[in-house]
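Working notes, structure below.
Below, each value reflects all heavy atoms present in this structure, side chains not excepted, and no hydrogens, waters or symmetry copies.
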Number of protein chains: 2
Amino acid sequence: MVKITDVARHAGVSPSTVSYVLSGKRSISEETRRRVGESIRELGYRPHAGARALASNRSNVLALVIPLRSGIHVPVVMQFAVSVVTTARRHDHDVLLLTQEEGEEGLRRVAGSSLVDALIVMDVQMRDARIPLLRTLDRPAVLIGFPAESAGLTCIDLDFKAAGEVCVDHLADLGHRCVGLIGSPSEVYERETGFAQRTADGFMAAARRYGLTSTLHPCEATPDAARAMVATLLDEHPDLTGVVVHNEPIVAPIVDAFRRAGRRVPDDLSVVAICPDELAEHAELPLTSVAIPAEEVGKRAVELLMEKLDGHEVPEATLLPPRLTQRASTAPHVNKV
Amino acid sequence: MVKITDVARHAGVSPSTVSYVLSGKRSISEETRRRVGESIRELGYRPHAGARALASNRSNVLALVIPLRSGIHVPVVMQFAVSVVTTARRHDHDVLLLTQEEGEEGLRRVAGSSLVDALIVMDVQMRDARIPLLRTLDRPAVLIGFPAESAGLTCIDLDFKAAGEVCVDHLADLGHRCVGLIGSPSEVYERETGFAQRTADGFMAAARRYGLTSTLHPCEATPDAARAMVATLLDEHPDLTGVVVHNEPIVAPIVDAFRRAGRRVPDDLSVVAICPDELAEHAELPLTSVAIPAEEVGKRAVELLMEKLDGHEVPEATLLPPRLTQRASTAPHVNKV
DNA sequence: CGCAAGAGTCGAAGCGCTTCGATTCTGCTC
DNA sequence: GAGCAGAATCGAAGCGCTTCGACTCTTGCG
């Protein structure tokens, strides 16, 4: 193994000079920088990560905790993880993957052993057992999602409340007067995962503001449940003409079920989805949708963490504004004769 | 920060004794072990990962390289990654996440800097640029998938050739005489990702053995492409009664398209999918399928790596036998009058 | 012309752990 | 009772790096 002393000897300087060339923490003459750089390349030198971590008290590794549970959409998690890794690399950091399953002890372990410098925690719940722990850790963290008590923590997410509102804005603009939200499985609400509740809040508030008739239904993420939900909905609200779907896996089945029930989309019924853009774009009928900006969230989360690691202050809450893209699943409401 | 000397002082022993208690590499009296254990708990001691890595030349971290490209099914990758993390933890290791994108330089970096002890590389292609590199690294690796030249490497995967055969066995047993394989997008074949080709080989070989009429079609992973494919297939092979689908995202669209084309499944046409079990189980019509054992592959990959890290010999090739589960999408072929 | 400030470099200490003898003590064997 | 094996423990070296203080030269300035 090539070590820093080998490089130093080869370049005719001291080890500390090599270190300073690498870190840029002290000024080095152009000439020395060049010679050292050449030696590094020639010898194929790579600093030993452990030694570096020990001496500098920085591992240059971030922990990413991903959720495993039902009711969350896997491709979104993946997209997010990839974005985190990519952005972290751009800041010269690597990413250690932890699963939700490891729980609090996992966080304690990687932080306590100085394996990681900072943490990103996904799928935060309203009363998340990890929150008090994170407050005690000496390492910065960024949460994806907002717990009930977020003061003192750094959180980021799509502004789901605004997303719910934007959907209603759009439907109301188109003249719809009776709208429904088909949401996540009820277990997601029960464990109080904030985002589902917040979407619903925004949806209801906006509907009230416009004076619309509105209805709210959790739904399991299976085609069968989707079909049943559509039947119930049409039965209970015969004059329903606008639907918001916030449940990725069943977006397509829902649309399909409405059609089979004799509702043309968008002629008789408008549908807005809250889901990743690709899903909306590649559906059989391209869907008007509010995007889940997984990539943006991942990138911003890492950037926030880097700021904190640099000792800078960052905003406690970052809410990304929703972006609604109109496609072929929504149309103006025309009163039947 | 609590360090080993603190624990040693607290327990009234030397630091080396604490170390040996932790590693078990030398015998320690019951009494000492107990006292040290208590001090560790009381002080909340966690060994510093970097210091440990430096002194022991082991980081207890594995690298996992995940693919990003089109044509691979995200949930399978995720399932696999989770299985790797879970199994690694069981062996007291953590997992560093790398993306394909980082390429060879990424592997070189994490191995060269001793950030990781070993590597798991997913989505290996027939002539993969990373193979020669892996051979030169001083760290053990396990590949998911088989490159063209696998001698000297440790590879593991589902036995896709056998999977292709098993599907044909099943259809032939049911009396089908004309069968088709709907495969991955042609780009997957073009970049010579082994698994697609091997499934096709197994399929064709078995069909030949049974004397069946057979046909082979790559297909893009979009519903539109699926529909078009079905039309082509029925046009070119009017007497087709058995289909194998090896392309996760369009399993459902394919079945749907056959139905719309007037073929009842399984009455007129039997369909076997090669896909994760959940996908097959939760389809509208539960599908007869050969499972992609992502979890098993992940677990085995880590176990192989652990063996190698312990200096043990392991088999170069591990081919997991396919498991076909009959569900509702296949039925005996009945000759029409 | 003298001195302060800054650029450029070096040496040595130290980060927290593991590991390799060395040492002591017990219990056997011949 | 000498000699030896093994159990239990300690001390010290060293893993490869960063960083701090000290040192030497230049420069610029009053």
Mind running a 4.0 Å heavy-atom check of residues 21-35 of chain A against DNA chain C and sending the residues that fall below it, in number order?
-> A/Arg26, A/Ser27, A/Ile28, A/Ser29, A/Thr32
Under the side-chain hydrogen bond (donor to acceptor under 3.5 Å, both in side chains) test, which residues partner B/Glu38, sequence neighbours left out?
-> B/Arg34
Mind listing the residues from residues 2-19 of chain B sitting with a heavy atom below 4.0 Å of DNA chain C? Number order is fine.
-> B/Lys3, B/Ile4, B/Ser16, B/Ser19
Can A/Glu31 and A/Arg35 be counted as an ion pair, charged N to O under 4.0 angstrom?
-> yes
Please list all pairs passing the ring pair (Phe, Tyr, Trp, His ring centres under 6.0 Å) test where one or both residues lie in residues 109-160 of chain A, with sequence neighbours left out.
-> A/Phe160-A/Phe195, A/Phe160-A/His246
From the 5' end of DNA chain D to its 3' end, which nucleotides mark the outer limits of contact with chain A, defined by a 4.0 Å heavy-atom distance cut-off (strictly under)?
-> D/dG16 to D/dA22
Please check if atom CD in A/Glu313 has more than 12 non-hydrogen atoms from other residues, nucleotides or ligands closer than 6.0 Å.
-> no
Of all heavy-atom pairs linking A/Arg109 and A/Glu102, the shortest is NH2-OE2, 2.8 Å
Checking salt bridge (charged side-chain N to carboxylate O under 4.0 Å, His left out) for the pair A/Asp6/A/Arg9: CA distance, chi angles, key distance, verdict?
-> CA-CA 5 Å; A/Asp6 300 329; A/Arg9 197 174 323 115; 3.6 Å; yes
Would you check, one step at a time, whether the test side-chain hydrogen bond (donor to acceptor under 3.5 Å, both in side chains) holds for B/Ser19 with B/Ser16?
-> CA-CA 5 Å; B/Ser19 178; B/Ser16 52; over 6 Å; no
Smallest heavy-atom separation, B/Ile66 atom then B/Met122 atom, equals CG2-SD, 4.0 Å
Indicate the atoms forming the closest heavy-atom contact of B/Val124 with B/Arg130, along with that distance.
-> CA-NH2, 4.1 Å
Determine whether the side chains of B/Ser14 and B/Thr17 contain a donor N or O and an acceptor N or O closer than 3.5 Å.
-> yes
Per-helix bend value, the helix from C/dC1-D/dG30 to C/dC30-D/dG1, C1' rotation axes over five pairs per end, 10° rounding, shows 40°
Could you give the distance from CG (A/Leu64) to CD1 (A/Ile144), rounded to the nearest 0.5 Å?
-> 8.0 Å
On a heavy-atom basis, the closest approach of B/Val297 and B/Ile156 is O-CD1, 4.1 Å
